[in-house]
Structure formats: structure tokens, C-alpha cells
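The figures that follow rest on heavy atoms only: side chains count, while hydrogens, waters and symmetry mates do not. Each chain gets a letter, A, B and so on, in the order its sequence line appears, and its residues count up from 1.
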Amino acid sequence: LAKTTQPISMDSYEGQEVNITCSHNNIATNDYITWYQQFPSQGPRFIIQGYKTKVTNEVASLFIPADRKSSTLSLPRVSLSDTAVYYCLVGDPVFSGGYNKLIFGAGTRLAVHP
Amino acid sequence: SQTIHQWPATLVQPVGSPLSLECTVEGTSNPNLYWYRQAAGRGLQLLFYSVGIGQISSEVPQNLSASRPQDRQFILSSKKLLLSDSGFYLCAWSPSLTSGSDEQYFGPGTRLTVT
């Protein structure tokens, strides 16, 4: 499974765009890139997933360059409620035997200030 | 829609006592089930996963065990708790059939404090 590296913490202010970059130099051909969000005392929540180029949903955008060795989660116009830990994960559930073996690192602690 | 339940929400147990945490999933069949533990300020550690009734795989050797007596029921147990077992325990499920992209759905968690 590919190892990921992301900043330990980030600070931002309300209304700003936040970009969190994750490095995954050893990503395999069949791996997908997934981001989860976790609030204190809650389980992680799926945000977005992609394989290449750009993916956008109602919550965030995910930018993946052609070499797929990194990815950037973009949160537009953050609010105080976006303060959370964000995890970048890389994996291939089919290769893992039909189950989704995800490796959660320490994540990035995003603090949004007024 | 699918929902996942965990209980209890919080638990305080003395060292050496037994443990039983339960997780149930509604609204889906034959899910993959997972137990994670999260220490304070740390990432999630996968403890066990199950692809079917009676099929349990352990990721980390320790004094915990898991069982899946029914399709949508996953139980985490211990015969004797250690101080190091304290943490936030999360159960999750994912669809059993995958074709590349997938996601896990997490329960509300159980905060365990071993004293």
C-alpha cells in the first residue's frame, strides 16, 4: 500500500480557500486517492475520491497531476465548521481482496479562524 | 438508507476487566466490516476486518478479538483490558463488491477509558 505524506497542521481564516497537498510517490497503477474528514469524537466522513485529473463535488475539489505522485484537496471558502482533521488515503480495494483496506495516517489538522 | 450503530457510546472499565463492544449495520447485505482504534491525537489503526460471517482477519496482534456472528453484526472483545487499550473505537462498513473506487462508512464510535 502506498504511503502518504501530508502536513501535520494548517491554519486558515473564514472565507479563504484552503489547499491541502498529499504526497504519494509510490502510488500504484490501480490505486485511488481518497480524502476523509474527521471532527472531534466522530468517525471519519468520506469527502472525495479520484483517480486522475480533477474531481469536484459539492464539498471539495481534488486535483491530481498526470504523474499521480501527489494530490491536492481544495476547500473553497472555508468556514469555522470546516475545522477538522483531513486524511489522505491511497489504496486499491480490488487488489486488497475485495475489501477496502485503507491506511489512515495522522492527517492534517485544519484550524479555521474567525 | 444504510445506518451503522455502535454501543456503548462511552465506557470506563478497570484494568483486567472484560470488554464487549457491538456494532450493527442496517440497510445493506453482506457488508465488509472493520474495527479501528484511535488514540488521542493520532490516526486510525485498523484492528480487524471481516468479509463475511465467521471470517475475521487481524491486523495487529494484541489482547483483543473480534467476531461476526451475524451478517451485519460485528463484536470487539477482550478477556482482560490493559491501560493501553484506552482509545476511541470505531466500527465501519463498506460494500462487499468493489470495482475500484469505494468508501467506508463509520459509526459514531465508543470512547473507552481503562483505569
Next item on the list: Return the orientation label for the A:Y87 and A:F104 ring planes: parallel under 30°, perpendicular over 60°, tilted otherwise.
Entry: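 A:Y87 and A:F104: perpendicular rings.
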Checklist line | Contact class of A:Y51 relative to chain B, heavy atoms under 4.5 angstrom | finding: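 Neither part.
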Item checked: Contacting region of A:R109 [heavy-atom separation from chain B under 4.5 Å] ->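 Side chain only.
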Heavy-atom proximity to chain A below 4.5 Å, by part of [X]:
X: B:L90; answer: side chain
X: B:Q45; answer: neither
X: B:R42; answer: backbone

Next item on the list: Show your reasoning for whether side-chain hydrogen bond (donor to acceptor under 3.5 Å, both in side chains) applies to B:R72 and B:T24.
Entry: CA-CA 5 Å; B:R72 289 168 289 179; B:T24 58; over 6 Å; no
Margin query: Less than 6.0 angstrom separating the ring centers of B:Y105 and A:F46, yes or no?
Written below: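 Centroid separation for B:Y105 and A:F46: 6.0 Å or greater.
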Checklist line | side chain to side chain contact (heavy atoms under 4.5 Å, CB included) partner of B:E59, chosen from B:Y49, B:Y36, B:Y34 | finding: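 Filter result, single survivor: B:Y49.
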Next item on the list: Look at A:S41, A:G105, A:P44, A:G50 and state which one has the largest set of heavy-atom pairs under 4.5 Å with chain B.
Entry: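 Counting heavy-atom pairs under 4.5 Å, the top option is A:P44.
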Notebook entry, point to check: Is it true that B:R37 and B:D85 have a side-chain N and a carboxylate O under 4.0 angstrom from each other?
Noted result: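 Result for this pair is yes, salt bridge flagged.
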